[in-house]
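So the structure is just underneath, and the comments pick up after that.
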Amino acid sequence: MKGKQIITSWLAAKELKPFQFQEEAWEAYQQGKSGLVNAPTGFGKTFSLFLAVVIAWIDKHPEQYRKKYKNGLQLLWISPLRALAKDIARAMTEVLEELQIPWQVGIRSGDTSISTRASQKKQMPEIMIITPESLHILLAQRDYPAHFKHLTTIVADEWHELIGTKRGVMVELALSRLKGITAEENRPPLKIWGISATIGNLEEAMQVLMGTHYQDAVIIRAQLKKNIALKSVIPAEMDKYPWAGHLGLKMLPQAIPVIMASQTTLLFTNTRSQSEIWYQSLLTACPELAGAIALHHGSIDAELRIWVEEALHNGILKVVVCTASLDLGVDFRPVDTVIQVGSPKGVARFLQRAGRSGHQPNAISNIYFLPTHALELVEAAALKAAMEEELIESRMPVLLAWDVLLQYLMTLAVSDGFHANDIWEEVRNTYCYQHMTPEDWQWILAFLTTGGDALFSYDEFKKMDRSGNFFRCTSRMLAMRHRLHIGTIVSDVMMKVKFMSGGYVGVIEEGFISRLQPGDSFTLAGRNLEFVMTKDMTAFVRKSTSKRTIVPSWQGGRIPLSSNLGWMLRRKFNEALSRRTKDPELLALQPLFNLQEDLSHIPKDDELLIEHIQTEDGYHLFVYPFEGRLVHEVMAALLAWRISRITPITFSIAMNDYGFELLSDQPIPLTAENSKALFTTDNLTTELQASVNSTEMARRKFRDIAVIAGLIFQGYPGKNKANRHLQASSSLLFNVFRDYDPHNLLLQQAFNEAFFYQMEEARLRETLDRIAVSKIVVTHPEKLTPFCFPIKVDSLRDTMTSEKLADRIKKLIAANG
DNA sequence: GACCTGCTGCGGGATG
């Protein structure tokens, strides 16, 4: 083992010693195994595998490993982020230089220049770091197998980020093809490795990566624990802290000392508009932060974001206000403190964010939790317990994603073409498509060659030619369009925001701009801007001096509270009234809990609380399953439907992550006696269909599916079509399939996705099953309770502007006494 | 005494 000696002595010269898990990874790799490496952030997961490859290389060529050859591509490193790819390439290059190994490290991603691509094509670097999309683009090139002739190893970095997404499916498919090429050329099997943070289903994560073939893959777990110090910031005047709200600006004075005492702080918010508001407020409160504070979220111009990331790296910034855009990626060493404003919604996400600080072995990650309303403080106690018990969420792998398969087959068709029998074998051995039937496969092939039962008369849907079992796309126009559209991320159509004088600020939703009059001011990227005009999907602006500006809102995703966190939250309520609890969060909430108990009840984890409250608005029913807003939305609709079968009655519905409300102008006939029947899982599927508009939900899901499957052309880069266009064509296709091709697999997929992701059907069932064995506690409080107040405020918001809302809340309080 | 909602990720290439 010459390689290992060389590496360990090189490390020793730096006063470093490999961790045990790293040595285990080297060993396993040396034996030709595949597997998954799991370790907390900051312990060198990346290097465990990179050095394993280097060691094996030295052992293979002990005398001439420092000689320059044209070795060809040895190691393919899949990174989900372009920024991460750059960082890793830089680090690898440094190591190789120190070891005097003349290997090239290349990056292949969307920002790789045309000339670099061309030279890569002539001579591949020994190591290539690539995004899943770019990997498929390689597969879409003529003679693509030649690139991979010398490939021995593939590493999927940050695999926990990809599993559970269609980008992960792209990786599965690419691996199946690369394995196929290796087998065709009678080379030794590829070594396939994943690198993953801890998730609930690590075993499954590995199976997904390996496919159904590799039986003897290993999981290497680092027996290391990241030291995380979670500190809840308890509102100074707890008895005056709002019961509802999500911005948390009241806590600003308590956030400032934390920021000032730290070297560099990342302040995470849940939404882009919230980050804009916090940025402005911090700057107003501490003008001395000017130049040392920055803002980072997904709608800010990429160049500006890169500047912020670099400034963070170099320690120039004191604080960065951000959203999930800084969840992962580049290692920001100067960051020593993280502040989470509002609920992180999940344990894994919270850990991930905590790990952004103290990013070195044995350093402590400091994370402060800042509640935005009183009850949210319980989440801090729940998070603490969940971290101790390592109760980390699972990521469910995507199954039978037909849209991605259609795209992939087209990729193969535009490069060298494919033999259906070979590819069928390969695809069926991926985790995603293991249950694909021969009929499904035939349908897919027919759809790509003829357009299927619905689209057979339109030539643009006949994408491939068939001769026997060989499929190929001969149209150069289709091939080019296809290469442009590789990928599974379907973004909403956004409008660019540019200065009149040139200079790009960021993006904003069409709908937001359409509500502005020229001369109106709004805030983006922390700047006050005056709207001038729109032209070609671009909003032109100039600097504004106005003090009153509107903060835009973006219609982003709505992440529900995870079931792990919900479960822990329910458990924490058991301790709410116990004097023995040591959680400072629960102790601080004692007055609130006492009030809730006086007015109503605090549910234990084996109870379901239901509150009947009558106000001047009507009759309210509040239910608290703590299962996240998506489940609550569906449950509310289901319950409303079932109650309306007892008595003719109509409701309006509201919900948040903790519970939901049904509001009616007549008494709601739900009692402790009939409640079990109203929450039963009997006839669930049919009654869901009746109560929820699943067709509409499926129609919304279908838009992305149609784009990914290549049925809708989104236009050439930089010239995106307007949103209306996309909606219209996808809706049209949806109708055509429904009417003329009801067995269409893409249509079925749309319904499946609606049930799985939008209604969280599995989780709904589990919730109902839990309720079936729970004790149901029905109370009749005389006024609004601390539990119901946030939901009530939320339901008012739908129908009112914010000023009216403030008045309304005052009235509510007054009426509540 | 109680306010403002809603994340992220990627991206042709052949020819003159």
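Below, read A as the first sequence line, B as the second, and so on, with proteins coming before strands; counting in each chain starts at 1. Any value given below was found using the heavy atoms of this structure, including those in side chains, with hydrogens, waters and symmetry copies removed.
- Residue contacts shown for A:Q141 are limited to sugar-phosphate atoms, with no base heavy atom under 4.0 Å away.
- Nucleic acid contact class of A:R353 (heavy atoms, under 4.0 Å, all strands): none.
- In this structure, A:R483 atom CZ and B:dG12 atom C1' are separated by 7 Å, rounded to whole Å.
- The interatomic distance linking A:M410 (CE) with B:dG12 (P) rounds to 16 Å, in whole Å.
- Atom CG in A:D704 sits roughly 14 Å away from atom C1' in B:dC10 (whole-Å rounding).
- Following rounding to the nearest Å, A:M494 (CE) and B:dG11 (P) show an atom-to-atom distance of 19 Å.
- The base of B:dG13 is not paired with the side chain of A:R117 by any donor and acceptor separated by under 3.5 Å.
- One interatomic measurement links the two molecules: CD of A:Q407 to P of B:dG12, which rounds to 12 Å at whole-angstrom precision.
- Residue contacts shown for A:G487 are absent, as no nucleic acid heavy atom lies under 4.0 Å away.
- Residues that satisfy the salt bridge (charged side-chain N to carboxylate O under 4.0 Å, His left out) test with A:E133, not counting sequence neighbours, are A:R167.
- Within the 4.5 Å cutoff, side-chain heavy atoms of A:V320 are placed close to those of A:L312.
- As judged by a 4.0 angstrom heavy-atom cut-off over every strand, A:R167 is placed among residues touching the sugar-phosphate backbone only.
- A:M170 has its CE atom 8 Å from the C1' atom of B:dC10, to the nearest Å.
- In this view, A:E753 and A:K166 satisfy the salt bridge (charged side-chain N to carboxylate O under 4.0 Å, His left out) rule, not counting sequence neighbours.
- A residue-by-residue look at A:T165 and A:R476 shows that A:T165 has its nearest nucleotide of DNA chain B further toward the 5' end.
- Between A:S600 and A:T785, the shortest heavy-atom contact is CB-CG2, 4.0 Å.
- A:H297 comes within contact range of the sugar-phosphate backbone alone, with a heavy-atom separation under 4.0 Å but no base atom that close.
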